[in-house]
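Each chain gets a letter, A, B and so on, in the order its sequence line appears, and its residues count up from 1.
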Amino acid sequence: MAIRAQILEQIYTIVAQIPPGRVTTYGRIAQMTEGATARLVGTAMRQLPTGHDLPWYRVIGASRRIADHGGAQRQHEQLRAEGVVFDASGRVPMHLMWPE
DNA sequence: TACATGACTCCGA
DNA sequence: ATCGGAGCCATGT
């Protein structure tokens, strides 16, 4: 069964609202939707067609580190490019989390 | 239909 | 701080 259209729409809407220079997690996004799980948010990001306009790179793991996937390096660059910093252990400081 | 996989998390050892 | 296992559920074979 495919990800329900309504949930997918909510995921996209939320990701689109993450402010530049800030990040959020798969789990947080899942909680803001009705029925999605962190895993599904990851699946949704993985399925994004090339050329879309969503700031997918602003979505990281609950550990505040970039998840392990094929575009991880690119994601890191994109974030650095807009001012997101990483500590010695590769984690994004808590104050850059969104919301709050 | 059945089993494996994955851009996840949580929790306990 | 790490690590393994379990729960998760859409997808891929």
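- Atom CG of A:D87 has more than 12 heavy atoms from other residues, nucleotides or ligands within 6.0 Å.
- For A:L40, taking side-chain heavy atoms from C-beta onward, the closest of the listed nucleotides B:dT9, C:dT11, C:dC9 is C:dC9.
- Rounded to a whole Å, the CE atom of A:M45 is 16 Å from the C1' atom of C:dC9.
- Closest to the side chain of A:T37, from the set C:dC8, B:dC8, C:dT11, is C:dC8.
- When the side-chain nitrogen and oxygen atoms of A:Q47 are compared with OP1 and OP2 of C:dT11, one or more of them lie within a distance under 4.0 Å.
- Heavy-atom distances to DNA chain B give each of A:Q31 and A:D68 a nearest nucleotide, and the one nearer the 5′ end belongs to A:D68.
- Ring-centre distance between A:H52 and A:Y12: not below the 6.0 Å cut-off.
- Comparing C:dA10, B:dT9, B:dA7 by their closest approach to the side chain of A:I3 singles out C:dA10.
- Between the OH atom of A:Y26 and the P atom of B:dT9 there is a distance of 7 Å, rounded to whole Å.
- Residue contacts shown for A:R91 are limited to sugar-phosphate atoms, with no base heavy atom under 4.0 Å away.
- Between A:R39 and A:M1, the residue anchored nearer the 5' end of DNA chain C, judged by the nucleotide with its closest heavy atom, is A:R39.
- For B:dA7 and C:dT2, the P atoms lie 22 Å apart once the distance is rounded to whole Å.
- Here the closest heavy-atom approach between residue A:A72 and residue A:A67 is recorded as CB-O, 3.7 Å.
- Taking the side chain of A:A62 as heavy atoms from C-beta on, and the options B:dA7, B:dG6, B:dC10, the nearest nucleotide is B:dC10.
- At a threshold of 4.0 angstrom between heavy atoms, the contacts of A:S63 with the nucleic acid are absent.
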